[in-house]
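Heads up, the thing below is written out as structure tokens.
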Amino acid sequence: MKDYKRYIIAVSLLTVSFLYIFTSNETGVARIFVNLLTFAGIYGLAAIGINVHFGWTGLLNFGHAAFMGIGAYTTILLIPHALGREGVVIETGLPLPLAVIIGMLAAALLGLILGLPTLRLRGDYLAIVTIAAAEIFRLLIRDFEDITGGVYGVIQFSEALQSLRPNFITNLATSIEVSSSQLWVGVITWILIIFTLLFLNRLQKSPWGRALRAVREDEDAVRALGKNAVWLKLQSFMLGASIGGLSGILLAFNYGTLQVSTFVPVLTFYLWAALILGGVGSLAGPALGAVIFWVIISGTDSLAEIFFENANGQQLAGVRFVFVGLLIMFTMIFTPSGILGKKEELLLDIK
Amino acid sequence: MTSNKLLSVSSLKKSFGGLQAVNVDSLEFSENEITSLIGPNGAGKTTFFDLLTKFQNPDQGNIFFEGENVTSFQSYKLARLGMTRTFQLTRVFEKMSVLENMQFSGSSVKNESISRSLIKGKSLNNFEKELEIEVDKILELLNLSHMKYSYARELSGGQKKLLELGRALIRKPKLLLLDEPLAGVNPKLAEEILDIIKNLSIEGINIIMVEHNINAVMKISERVVVMAEGKIIADGEPEAIRNNENVIEAYLGKVNE
Amino acid sequence: MIEQLGNGLLLGLIVAIASVSLSLLYGVTRIVNFAHGEIIALGAVLTLFFSSSPESSFLYLDRFSPLGSSFIVSSIASILLCGLFGALLELCLFRPLRKNNYGNVAVLVITIGLSIFLRHIFLLFASAKPASYALDLQKREDYFGIQLTPRNVQVLIIGSVVMILVGLFLTYTKTGRAMRAVRDSSELASVSGINSDYIITLTWIFSSMLAGFTGIIQGVINNVRWNMGFLILLLIFAGSILGGIGTSFGAMFGGFIIGMLVQLSVGLSFMDGHTEAKNAIALALMILILLIRPQGIFGSKERIS
């Protein structure tokens with residue numbers, strides 16, 4: 001498929017998606033729109049992290065929720081917040097930008113810890129270890145309530161970000177009747193996506209990016225040419241993990257509370273669905289995939305209503321994930337290069 | 001034990017299950033020669049290559065490169081010392097262009113660091129430009145210039161062998177280990193590859209190769225080492241090997257075919 | 001710690017059988033099947049559906065009411081259906097993928113999609129809350145100092161017998177030997193006249209039946225939950241890695257150790273008030289094993305890189 005054809009398909013899919021949203025909601029379209037684009041942006045950013053792992057380097061990371069979670073918990077616990085069952089208020093903290101950087105570094109560090117034992121081994125081991133790490137992370141956060149707030153979570157931390165909100169955002173939010181804090185998170189998210197993509201674009205075309213692609217194809221040949229394949233994989237793993245950490249921080253600010261239930265292992269599969277849909281290996285694919293994915297997902301809610309009268313939360317989630325599973329399977333089987341991926345560079349025959 | 005020779009091994013052993021794949025007491029390779037490693041199928045030649053380049057770990061024994069004990073080195077470290085190998089089944093990066101294959105091989109580890117790649121200063125750009133000039137020279141030598149921008153997967157089997165050779169050459173190796181450089185290559189191209197190998201040797205690159213094409217081996221080698229069942233059964237000049245009884249026995253007369 | 005020994009034996013047995021079934025499937029097909037946990041859950045859910053009384057209300061959809069058959073009949077029917085399901089997966093999904101040369105990574109991602117799909121089908125159609133089989137409640141009694149219910153003892157005996165039968169099957173029957181031959185080298189096997197498509201299908205059936213059986217006994221000992229497959233899958237992976245991926249005996253041993261460890265860790269003093277974290281210990285041990293002896297206890301080095 002020619003490049004321009006892929007973009008035509010992408011633009012038409014986006015148009016249809018947005019038309020669907022406008023026609024299926026009579027009131028509060030702006031609110032739904034901002035909500036959707038904010039979530040899609042955050043998931044897109046997280047999926048970009050997985051793309052660095054899988055699309056660029058061929059690494060199977062099924063525990064991205066852990067990277068997102070560790071970024072979020074590290075950052076939020078370093079800024080003023082209230083914690084746990086009693087809501088213990090902690091008023092002192094680091095400035096937000098510093099806390100964000102430490103959060104991203106913490107995610108990269110987790111990447112290092114998980115990568116060291118597994119990146120020497122065959123690819124499936126990384127898949128198993130990352131999926132286990134996400135479960136360990138969830139169990140530990142739940143269990144160590146004194147530090148993490150346990151199942152009661154962390155609250156009252158949004159001020160650190162919302163106090164930076166410029167007036168025109170507040171005014172815009174008021175005029176189109178949307179939540180000003182969510183609009184602010186959404187705007188920041190998409191700005192960060194653009195910066196991340198520019199940054200990654202530069203890297204992809206550099207000797208480093210070239211080396212990663214070589215690793216993705218044939219590690220033995222890379223070794224024979226005097227390059228340390230494990231170190232290259234480790235760097236890629238840490239980079240993608242820190243992008244995941246950043247998206248986790250944004251997700252926490254978008255919810256306004258930090259809950260362990262946000263970073264459950266299945267979150268990762270949302271991201272994989274978005275990534276595969278958008279196109280593995282392509283730069284903008286994950287972000288595009290995330291937007292279309294969210295439209296599909298919001299469509300499944302009305303589908304759930306057909307099967308269940310007054311569907312409860314669990315049933316809605318059930319129907320959503322049935323679709324997520326089908327989406328991953330069918331895209332991988334029938335159009336494995338997704339919407340924007342290059343068929344020529346597809347990973348299908350990787351070991 | 002140390003040695004001033006280019007590459008030497010002592011009591012190198014490797015077995016799989018009960019099978020002794022490699023059992024070499026002592027072997028030395030000197031500078032400025034083309035050495036061929038021959039032997040019947042399953043003689044342990046490729047395993048021996050894998051041990052020399054540390055793609056497999058020996059059960060026991062030592063490997064010395066330029067007098068240094070490199071037995072504990074990882075494969076990529078050995079390659080950095082100037083030992084570059086090719087593979088029996090060609091391993092080019094199929095989803096990268098011929099140019100990128102060569103550039104990747106030729107670029108220094110320093111230039112591939114993430115920070116340098118990100119800042120991408122003038123010096124990096126200059127390096128990449130110089131590298132491309134170097135690539136062009138080698139592609140010219142290998143008759144691959146017309147395929148420079150093609151995906152490596154579009155190359156014929158023989159061209160892939162050439163690209164793999166080129167990818168090794170751009171690293172300016174001291175020692176080149178070629179695993180069946182002529183396998184699956186048409187006779188005309190085989191002649192070309194042999195000429196290239198010979199020229200490389202004249203230019204001072206040391207070559208060890210595994211090859212089944214006995215005529216080619218006899219033609220260009222200065223020394224032939226014969227392996228059978230993991231052991232060295234003969235070692236000498238091509239003429240002497242041709243008449244060695246052990247070798248004839250191991251091959252069941254194949255040499256004289 | 002001793003009071004956990006009975007639970008440890010039971011979980012050890014479950015993880016051991018499940019690990020053997022996953023390891024055999026992996027060995028023969030080279031598929032890391034992330035949906036294996038869902039086949040385990042399928043066995044448990046089907047048995048629940050067949051054996052519960054028609055009045056019980058754990059199903060969301062009123063259109064389906066449980067059948068109320070006897071537990072033994074329900075179990076056997078469920079195991080057979082699991083085998084059928086495995087055959088269908090092979091014939092309708094994995095064989096076409098294999099024939100079209102889909103790589104290992106693509107197939108792995110597809111099994112992930114399959115597992116999410118199946119798991120949430122269970123959530124929608126079966127119990128969102130933990131459900132139990134319609135079996136009478138039993139008290140724990142003392143067996144050689146170990147606290148177990150009589151039914152637990154039956155499960156231990158039946159499970160051990162199944163495990164021994166599996167071992168005998170793989171060692172002495174023609175089919176079992178053929179499976180091992182394909183596992184060790186599919187090329188070699190095809191040279192010696194073994195039809196690997198046929199053997200792979202048989203492996204899917206056999207492995208899925210074994211998985212279904214594991215699900216049923218897991219349901220007897222604990223309860224039936226829609227997501228029971230996911231957690232046990234992680235323990236299976238931990239067990240297989242500990243024992244050494246690709247060896248049936250190693251998987252059995254590793255699985256047993258992991259299951260025991262998870263239960264026994266509850267009794268450790270530093271675990272006081274942290275019972276949730278017991279699974280984390282097994283998973284952390286798995287990561288540690290990969291760091292120091294990645295081929296596992298019984299595995300060979302060549303299989304891992």
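These values consider heavy atoms only, across backbone and side chains, with no hydrogens, waters or symmetry-generated copies. Chain naming here is simple, since letters A, B, ... match the order of the sequence lines and numbering starts at 1 in each.
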Select one option (side chain, backbone, both, neither) describing which atoms of [X] are under 4.5 Å from chain A's heavy atoms.
X: B/Gln103; result: both
X: B/Phe55; result: side chain
X: B/Ser75; result: both
X: B/Thr86; result: neither
X: B/Glu164; result: neither
X: B/Phe104; result: both
X: B/Arg116; result: neither

Top contributor to chain B interface from A/Arg202, A/Gln235, A/Lys205 [non-hydrogen pairs under 4.5 Å]: A/Arg202
Using only atom types and a distance under 3.5 Å, with no angle test, would you say the side chain of [X] pairs donor to acceptor with the backbone of [Y]?
X: B/Ser117; Y: A/Trp208; result: yes
X: A/Glu217; Y: B/Lys95; result: yes
X: B/Arg85; Y: A/Ala224; result: no

Please say which of A/Leu225, A/Asn228, A/Val222 ends up in a side-chain contact (heavy atoms from CB on, under 4.5 Å) with B/Tyr76. A/Asn228
For the atom pair [atom1] ([X]) and [atom2] ([Y]), what is the distance rounded to the nearest 0.5 Å?
X: A/Glu219; Y: B/Arg91; atom1: CD; atom2: CZ; answer: 10.0 Å
X: B/Asn125; Y: A/Ser206; atom1: CG; atom2: OG; answer: 11.0 Å
X: B/Glu94; Y: A/Asp218; atom1: CD; atom2: CG; answer: 9.5 Å

Can you find a heavy atom in the side chain of B/Gln74 that is under 4.5 Å from one in the side chain of A/Arg223? no
Just wondering, do B/Lys110 and A/Pro207 contact through their side chains at under 4.5 Å, heavy atoms? no
Using a cut-off of under 4.5 Å for heavy-atom pairs, which of B/Leu131, B/Ile114, B/Val109, B/Thr84 has the most such pairs with chain A? B/Ile114
Residues of residues 170-179 of chain B with any heavy atom under 4.5 Å of a heavy atom in chain A: B/Arg171
Heavy atoms of other groups near B/Lys77 NZ, more than 12 under 6.0 Å: no
Could you tell me whether A/Arg210 and B/Glu128 have a side-chain N and a carboxylate O separated by less than 4.0 Å? yes
A/Ala221 and B/Arg167: which non-hydrogen atoms are nearest, and at how many Å? CB-NH2, 3.8 Å
